[in-house]
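These notes are about the structure you will find just below.
Note that this is a predicted model, so its numbers are computed, not measured. We count residues from 1, following the sequence as given. All ligand and atom numbering here is 1-based and tracks the order in the structure.
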Amino acid sequence: MLAPYSPLPHLTIKGKKIRVPIIQGGMGVGVSLHPLASAVAREGGIGIVSSACLDRLVTKRTGVKSTTYEATYNEVSLSKAAGGYAGINIMVALVRDYASSVRGAIDAGADVIISGAGLPLSLPAIHPAGDTALIPIVSSARALELICKKWEKLGYRPDATVLEGPLAGGHLGFKIDSIDLESNTLERLLPPVKDTAIKYGDFPVIVAGGIYTHADIVRFLKMGADGVQMGTRFLATEESSASTAYKKAVLGAGKEDIIVAHDPGSPCGLPFRIIKQSPMYVSALGRARTPKCDKGYVLLKDTEGNFSRCIAKESNEHAFCICNGLLSSAGYNPEKEEPLYTVGTNAYRVDRIVPVKALMDELTETATLCPS
Ligand SMILES: Cc1cc2nc3c(=O)[nH]c(=O)nc-3n(C[C@H](O)[C@H](O)[C@H](O)COP(=O)(O)O)c2cc1C
Ligand code: SF4
C-alpha cells in the first residue's frame, strides 16, 4: 500500500524497468523535442518527442534538408543519447507521414511508440517492432478492446496503453458534449480499461489528463494505474521547445481562459483544448485568415488516393489551420503565421517555468514544493 508521499514504484514495459513511472507526454508541434525528452530520460522517466512536422523542424535546426524518416531517426537518437528511456508520440491523424515516422522511430531504437488522435489499428503491421514497445492511447475500454482484437489478428498485443481522460491538452478523444460527463472522468474510465488490459495479457495502464502533483500520481497508482503520462507540467519547463511567448501565455492563463475549441476547431475533427486568447484562434473566430495550405500534415486522401483533403484548406468557417498555428507556437515562422496555444485544463495552475530536474524531484519525492 502506497502512503500519500511514498517513493513511486518503478514501471516495467516490454521487459524494460523504468525507475520513475512518469511518461512525459508527446507535445506537438515542436514542444517536446530531444532537449525535453532526453532531460526526462536522464531523470529516470520516459521522454517523448512528438513526430508532428519533424521534417521541417529538424531541417530548420540542422540546416540540412531532412525527410520525415531521417528527422524522426535523428530526434529519437538524440533523445536517447544521454541515457535513459525515450520514444516518440505519433498521431494517427498525421496520415501522410505515419508509416515513415514509425519506421524511423523503430530503426533509431525508440523504447516506445505512443500513438493516438485516432485508433492506431494497423500500427504493428507497419514495421517489425523489435525492442520498441507499441502503446495505443485510448479514451475508453471499448476503444482498447477494438485495438486488442485487431492487433491480435496481426499477432501483436499492446505493450501498455495510455488512458487519456478529458482534462488533457491537445486533441481529446471525446465528443464535445461528453467531455464534462461524470461517466468520463479518468477515475471512472480507469477500472474498465484496467479490466480490458488484464483480459488481453495484463499489460500496464498509464493514465493521463489532469495529473499535476505527486499526490495525484500516488492517488492513481493506488487506484490500479501502473504509471502516469503528464503534458502540461512539462510544457512549462526550461527544456520544452515552446516559444517564449507560448510559455508566457501559459503563465498568464486563468482558469476561464482555457477552453475546448470545436467550431472553429481542429481540422482533424476532434475537440482541441487551447488558451482562448491564442492569436490564431482569435483570428479564426473573426474568419480573418485567408485559407492557405502550404504544410499539409493533416491532409486526408481524396477519391483518387492523393493527399488533398483538409477542411481548413477550402474555408475558414469551421476550422483553423492547425499546422501553421502550432508550428508558429514552436517558433517556426512566427512572423508569417499566428500561434495557437494548446494546454491541459490545469495550465492555469502553472506559476513558473522550471528545469526538468526540479520538476521530476518534486513529482517523485515530496509534495511540499507543489503549487496548490
Ligand atoms: C502542448 C501540448 C501538446 C500536446 N500534443 C500532443 C500530441 O501531439 N499528441 C498526443 O497524442 N498528445 C498530445 N498532447 C497530450 C499530452 O501528451 C498528454 O497526454 C496530456 O496533455 C496529459 O494531460 P496534462 O496536460 O493534464 O498532463 C499534448 C498536450 C499538450 C499540453
Ligand atoms: S490547410 Fe492548414 S491545417 Fe490543413 S493540411 Fe493544410 S496546412 Fe495543414
Side-chain angles (χ1 to χ4, degrees), residues 22-32 36 48-54 56 88-96 113-118 120 135-139 162-173 186 206-213 216-217 228-236 240-242 246-247 249-250 258 265-268 270 272-275 278 280 284 289-300 307-316 319-327 329-330 337 339-350 363:
I22 299 177
I23 301 181
Q24 160 256 309
M27 292 179 280
V29 169
V31 171
S32 62
L36 177 57
I48 301 289
V49 297
S50 158
S51 78
C53 314
L54 271 186
R56 270 192 171 75
I88 190 163
N89 176 289
I90 309 177
M91 287 188 282
V92 177
L94 306 177
V95 184
R96 194 188 63 181
I113 291 178
I114 300 181
S115 187
I135 304 180
I137 304 176
V138 298
S139 297
V162 172
L163 166 63
E164 194 180 72
L167 303 181
H171 288 101
L172 307 176
L186 196 52
I206 320 290
V207 287
I211 294 158
Y212 199 81
T213 62
D216 293 338
I217 299 172
V228 299
Q229 174 172 287
M230 301 172 72
T232 301
R233 295 291 324 256
F234 289 99
L235 164 64
S240 104
S241 298
Y246 193 166
K247 290 179 188 176
V250 172
I258 299 163
S266 165
C268 301
L270 296 167
F272 190 66
R273 183 164 278 119
I274 57 163
I275 296 177
S278 303
M280 179 168 274
R289 182 185 180 276
T290 307
K292 179 181 65 171
C293 181
D294 58 353
K295 302 295 187 298
Y297 291 102
V298 300
L299 288 172
L300 297 174
F307 285 104
S308 72
R309 290 194 297 121
C310 172
I311 60 162
K313 189 176 162 186
E314 314 301 339
S315 139
N316 57 17
F320 37 71
C321 178
I322 197 165
C323 300
N324 278 304
L326 294 184
L327 273 166
S329 62
E337 294 281 356
L340 180 66
Y341 304 135
T342 179
V343 293
T345 321
N346 276 327
Y348 74 94
R349 294 167 72 180
V350 173
L363 294 174

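- Those atoms of ligand 1 that come under 4.0 Å of a heavy atom in Tyr246, given as number and element, are 1 (C).
- From the protein, the heavy atom lying nearest to atom 27 (O) of ligand 1 is Gly231 N, 2.8 Å.
- Atom CG of Asn316 and atom CD1 of Ile311 lie 11.0 Å apart (nearest 0.5 Å).
- In the candidate list Met27, Gln24, Arg273, Met27 is nearest to atom 4 (C) of ligand 1, counting heavy atoms.
- Every atom of ligand 1 is numbered from 1 in the order shown, and the set under 4.0 Å from a heavy atom of Ile137 is 11 (O).
- When all heavy atoms of Leu36 and Phe234 are compared, the closest pair comes out as CD2-O, 4.0 Å.
- In this structure, Ile88 and Ser51 approach most closely via the heavy-atom pair CD1-CB, 3.8 Å.
- When non-hydrogen atoms are compared, ligand 1 lies under 4.0 Å from neither the backbone nor the side chain of Ile114.
- With hydrogens left out, the protein atom closest to atom 17 (O) of ligand 1 is Gly26 O, 2.9 Å, a heavy atom.
- For atom 5 (N) of ligand 1, the nearest protein heavy atom (residue, atom name, distance) is Gly28 N, 3.1 Å.
- For atom 26 (O) of ligand 1, the choice among Ala330, Gly344, Gly210 with the nearest heavy atom turns out to be Gly210.
- Neither the backbone nor the side chain of His171 comes within contact range of ligand 1; no heavy atom lies under 4.0 Å.
- Nearest non-hydrogen protein atom to atom 10 (C) of ligand 1 is Asn89 ND2, 3.3 Å.
- Nearest to atom 15 (C) of ligand 1 by heavy atom, out of Gly169, Ala208, Gly25, is Gly169.
- Scanning all protein heavy atoms for the shortest distance to atom 25 (O) of ligand 1 gives Thr232 OG1, 2.6 Å.
- Heavy atoms from both the backbone and the side chain of Cys323 come within less than 4.0 Å of ligand 2.
- At a heavy-atom cutoff of 4.0 Å, ligand 1 is contacted by no atom of Phe272, backbone or side chain.
- When each atom of ligand 1 is checked for a heavy atom of Ala168 under 4.0 Å away, the hits are 20 (C), 22 (C), 23 (O).
- With a 4.0 Å heavy-atom cut-off, ligand 1 is reached by no atom of Arg233.
- Once rounded to the nearest 0.5 Å, the distance linking CE of Met91 with CG of Leu270 reads 10.0 Å.
- The side chain to side chain contact (heavy atoms under 4.5 Å, CB included) with Gln229 is formed by just one residue from the set Leu163, Val207, Ile114; it is Ile114.
- Interface atoms of ligand 1 facing Thr342, defined by a heavy-atom separation under 4.0 Å, are 1 (C), 2 (C), 3 (C).
- For the atom pair Lys292 NZ and Lys313 NZ, the distance stands at 14.0 Å (nearest 0.5 Å).
- For ligand 1, none of its N or O atoms has an N or O atom of Met91 under 3.5 Å away.
- Interface of Gly209 with ligand 1, defined as ligand atoms under 4.0 Å from a residue heavy atom, comprises 22 (C), 23 (O), 26 (O).
- Near Met230, the atoms of ligand 1 lying under 4.0 angstrom from a non-hydrogen atom of the residue are 27 (O).
- Closest heavy-atom contact between Asn346 and Thr232: C-CG2, 4.4 Å.
- Considering only non-hydrogen protein atoms, atom 2 (Fe) of ligand 2 sits nearest to Cys321 SG, 2.3 Å.
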